[in-house]
Structure formats: structure tokens, C-alpha cells
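Only one structure is covered here, and it is reproduced in the block below.
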Amino acid sequence: MTDRDILFKAGTVITMDPALPNLAVGDVLVRDGRIAAVGAALPAGDAEVINAAGCIVMPGLVDAHHHAWLGVMRRLMPDVDDLFAYIDVVAERLGAHVRPQDMFTSTMLTAAASLDAGITTIVDACHSARSPEHTDAALDALDASGIRALHMVGPAMDKGASSAHLPGDLARLAARWNASGSRVKVGLFGQLKLDWWEVARGLDMRILTEFIGDLAQLGPEFAKPGVLGPHNLFNHCTRVPAATWRLFADAGVNITVNPRSDALFGFDDETFAYQVAVDHGLTPALGIDLDTAFGSDLFGEMHALFHQQRAAMRYRRFRGEADVPAPIGVEEVLRAATVNGARAAGLEDRVGMLTPGKAADLIMVRTQGAAVFPVTNAIATIVQAVERADVDTVAVGGRLRKRGGRLVDVDLARLAADAAASRDFLLSASGHRVDLFKSAA
């Protein structure tokens, strides 16, 4: 880690800023935690020089929806396709026994894995705020990890959990975490509780709702002026009625989709929520959703988005529909994983592009791997070829969180031991049995 200026030298630069051209060979200068300059042959001065030759330098990825508290339950239910069976295991059985220390460990594990995969910002959708102490543990983990985060506080899913501390605890949390410039901030995972929304809006918080059209609906009270707006994040948004999409579009809400998770649970259909959002002029972002089936990387989500959109649109075309949207391109996919995610998190003025003045949240990705070279299209290389192992360097606010392919200031051996102990405690306390070689839905 360094407080000196850093110059990423002679890399291929993807800015994601339409006003700032990409560079086949260029430099990125970081000063005081911000992007100071992007250009060719920048003077190094007394900056620490990181050789970016043979690498792509680009904005850090933004994971716009992730339940970080499920970190120690990795691959617990890889084949599940029943939402309520999933809730029974992760919430009613294991979740009911989560302690603040388990919350800390899971959140730290998810954050570390995210940074390792080039994710510099995460929207942490926490539907397990069992107490103020649980929330504090999650926020302390995010802060200690070094990731940029918007932690969305929501009641625990299991029926026996109390939510008496909500929404009242939001004021305390806002006072502690939501100062201007804070790397970790707090919002509300409020579902459709309008009285809770009013508290959150009074504190200038963003509001997250998981929304599946055949499981929930918006009543007429949500169409009143000022209820919906850019402060809202709606996740999944599958099988949503046309009238609700028009309401979303008119209000300018943020849409996040989880390509792998939505397919896993069978939430989506051939209309494809990402595309419906785009058709309504919205800018959907990507989220990983959960680790109970997947890993903490957005490369998998980008792969899934590209192929699912094309499959869905071609199905509609072959079925004979007219005016079917065009197949998605790699630049649109990368925008969903950077710029659109930053906008969903309310951070578009700070992250998502390599623009001078924005926070230095950036990654350097190696292109020398056997599955990667030669690079003939830089954006396609990021979207279609590289993986977490190719992420060499990660900076958040100019602080190096990964360097030379290794996480900085993370004791992986201790984290692994803590994660195993937390998982084993939850399995023992709940009586839930697992088999190392068999998957249970």
C-alpha cells in the first residue's frame, strides 16, 4: 500500500468515459486518491511507477447486488431452483443462528473475494440485519476490507427474527457512515414498506427492493409523485407487468439484474428483464446476488448476460416477432458492470470511469495468459476472456488492495479458518446436514 502518487505506465487504457478516448498505449496517474490524468507518455515525477505493459487498465467493476452475509455458505445449494426451499435453508435454518461474528466473517470473505476479482464497489443487500450489532459487524467488515460499499440494511428473512430496531436504527447508522466522501455508506433494504421508505428518504438514503412480478405488485400508492425515483433500486425485475415498467421508466428508478441467479431460480423468461429495462430507456446494472451457488466474480455475470440476451432475442426472432432488439455487444455488457452499477449505487460522480477528478477505483488486468493473448479487442478481452486470476492490481480510492496478483493486507489463512469455523457453527446449531459430494436443492 502507498500514499505516493501512482503512475500506471504503458498499458492499454479503457476509460468508459465517452468524452475521454481509450488508449492503445497510455498512462493513468493517481494522486491523492483520485484520477489525476489519463494520457500518453505522462511524466512520472516522483510517482511510484507500475508497469502496465501487456495489461489493460480500466475502472473497477461494480457489483450492484450481492448478499455478502451468505459468504460462508458458499455452494451450499448449487442446484436449487425453488426460492422457498432456498429461504428455508439459508434463512429459517442457518440464518436464524447467525451471530455478529458470523456476519463479520461472511461479509469480510465476500469483500475479499470481490476485490480479488476486480470488484471495487459492492451494493451489499443485507436481508439479515437481526440486530444493530449484526449491522455494525457487517459495516465494520466492509470498512476493514477496503472495498467501496453501499450496505443496504434489511430485516432478517426468518419468521422468528425481530425487526423492532428498524427503521429506527437508520438514523444512528446514517450519522456514523453517510458523511460526504465516505467509502462505506448505508441504505435501506426496505422491500415495499412505505413507512420505512419515508424514514430512509428523510435521511437521504437509497432504497433497495427485490422485485419479481408474480410474487409482488406495486399498488397505486407507489405511483404518487415523489415515491419512486433515482433513489430506488429494484432487483431482478422479472415477469413485471408493462404498467409497472412504465412507472419505473417515468420515475427513473435503477434496475439491477443477476443473470446467473435469475436463471438458477427460474425467475426470468424469454422477455429478459435486462432487455425490457433497456427498451424503457433504463440502464440496468449487474449483480452476483449470492454465493450459495456461485463465486464472487462479475466475469461470470458478464458472460451470462451476453449469452442470455442473445439467446432470448434470437428465440423471439425465430418465433416470428417483429422489431426484436438487436443482439447485445461487449461494450454494453462492460457498461452494465461499471458505469451502470456506479449509477445504481448513487456513485456515478465518483466511480465507474477513468475520468480525471473521479476516485481512483481502478484495476489492471494481465493479458499474457494462455487463454487471453493475443489481444485484438480490449473490451471483448475483459468481457469474454479474462478471469479473476488475470486481475493483477486493484486500487480503491488510490489505495492498493491487490498487487502482483495477491490481496494486500488480507490474512487468507486466518480468513479461511474463521470462515470454516463459522460455517461449521451454523451447520451444527441448525442441524442442517451437507454432503461433500452431493448437492441438495
Side-chain angles (χ1 to χ4, degrees), residues 1-2 4-62 115-121 148 297-299 302 330-331 333-335 337-339 342 351-408:
M1 187 179 297
T2 179
R4 293 172 55 192
D5 294 354
I6 302 173
L7 182 66
F8 291 85
K9 187 72 175 173
T12 297
V13 180
I14 300 174
T15 70
M16 298 307 296
D17 183 344
L20 194 63
N22 300 322
L23 298 169
V25 180
D27 307 338
V28 179
L29 178 64
V30 174
R31 176 175 295 144
D32 296 328
R34 296 184 176 275
I35 306 292
V38 178
L42 296 177
D46 62 354
E48 176 184 357
V49 176
I50 294 179
N51 181 13
C55 298
I56 295 171
V57 182
M58 59 172 285
L61 302 174
V62 180
L115 287 166
D116 185 59
I119 295 167
T120 52
T121 297
R148 193 177 302 279
D297 79 278
L298 271 179
F299 300 114
M302 288 193 280
V330 291
E331 186 169 356
V333 173
L334 189 56
R335 186 163 294 275
T338 51
V339 178
V351 303
M353 302 179 185
L354 295 188
T355 304
K358 289 186 183 290
D361 289 16
L362 57 83
I363 62 176
M364 187 175 84
V365 182
R366 292 188 294 254
T367 63
Q368 301 95 336
V372 180
F373 65 78
V375 176
T376 53
N377 183 301
I379 293 176
T381 296
I382 296 297
V383 172
Q384 302 282 42
V386 302
E387 301 288 349
R388 74 165 59 241
D390 300 303
V391 177
D392 179 273
T393 302
V394 175
V396 180
R399 294 270 182 165
L400 297 180
R401 301 301 179 182
K402 186 178 184 181
R403 180 77 184 270
R406 299 179 67 87
L407 288 169
V408 175

Next on the checklist: Does Met58 form a side chain to side chain contact (heavy atoms under 4.5 Å, CB included) with Ile363? I'd like the steps, not just the answer.
Outcome noted: CA-CA 6 Å; Met58 59 172 285; Ile363 62 176; 3.5 Å; yes

Item to check | Residue pair Arg403, Thr393: steps toward the side chain to side chain contact (heavy atoms under 4.5 Å, CB included) verdict | outcome: CA-CA 5 Å; Arg403 180 77 184 270; Thr393 302; 4.2 Å; yes

Item to check | Ile50 vs Phe8, side chain to side chain contact (heavy atoms under 4.5 Å, CB included): CA-CA, chis, key distance, verdict | outcome: CA-CA 5 Å; Ile50 294 179; Phe8 291 85; 3.8 Å; yes

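Listed by chain and number, the residues in a side chain to side chain contact (heavy atoms under 4.5 Å, CB included) with Ala24 amount to none (sequence neighbours excluded). Residues meeting the side chain to side chain contact (heavy atoms under 4.5 Å, CB included) test with Leu23, sequence neighbours left out: Val13, Val38. The side chain to side chain contact (heavy atoms under 4.5 Å, CB included) search around Asp390 returns Val365, Val372, Val386, Glu387, not counting sequence neighbours. Contacts of Thr355 classified as side chain to side chain donor-acceptor pair (under 3.5 Å), with partners at least two apart in sequence or in another chain: Asp17. For Arg31, the salt bridge (charged side-chain N to carboxylate O under 4.0 Å, His left out) partners two or more places apart in sequence, or in a different chain, are Asp5. With sequence neighbours excluded, the residues forming a salt bridge (charged side-chain N to carboxylate O under 4.0 Å, His left out) with Lys9 are Asp27, listed by chain and number. Not counting sequence neighbours, Ala389 has no partner by the side chain to side chain contact (heavy atoms under 4.5 Å, CB included) test. The side chain to side chain donor-acceptor pair (under 3.5 Å) test applied to Asp116 returns Arg388, Lys402, not counting sequence neighbours. Shown here are the side chain to side chain donor-acceptor pair (under 3.5 Å) partners of Arg335, two or more places apart in sequence or in another chain: there are none.
For the pair Leu298 and Leu61, the tightest heavy-atom approach, listed with the atom from each and the gap, is CD1-CB, 3.7 Å. Nearest heavy-atom pair across Pro356 and Ala36 is CB-O, 3.9 Å.
Looking only at distances, a side-chain donor or acceptor of Thr15 sits under 3.5 Å from a matching main-chain atom of Leu20.
Within the structure, no pair that satisfies the salt bridge (charged side-chain N to carboxylate O under 4.0 Å, His left out) test touches residues 367-382, not counting sequence neighbours. Legend: salt bridge (charged side-chain N to carboxylate O under 4.0 Å, His left out) pairs involving residues 360-373, not counting sequence neighbours, sorted by first then second residue: Arg148-Asp361, Arg366-Asp392.
Interatomic distance, Phe373 CZ to Thr381 OG1, rounded to the nearest 0.5 Å: 12.0 Å.
You'll find the side chain of Met353 stays beyond 4.5 Å of the side chain of Thr338, heavy atoms only. Contact of the Thr12 side chain with the Val375 side chain is not registered, since no non-hydrogen atoms from C-beta on lie closer than 4.5 Å.
More than 12 heavy-atom neighbours from other residues, nucleotides or ligands sit within 6.0 angstrom of CD on Gln368.
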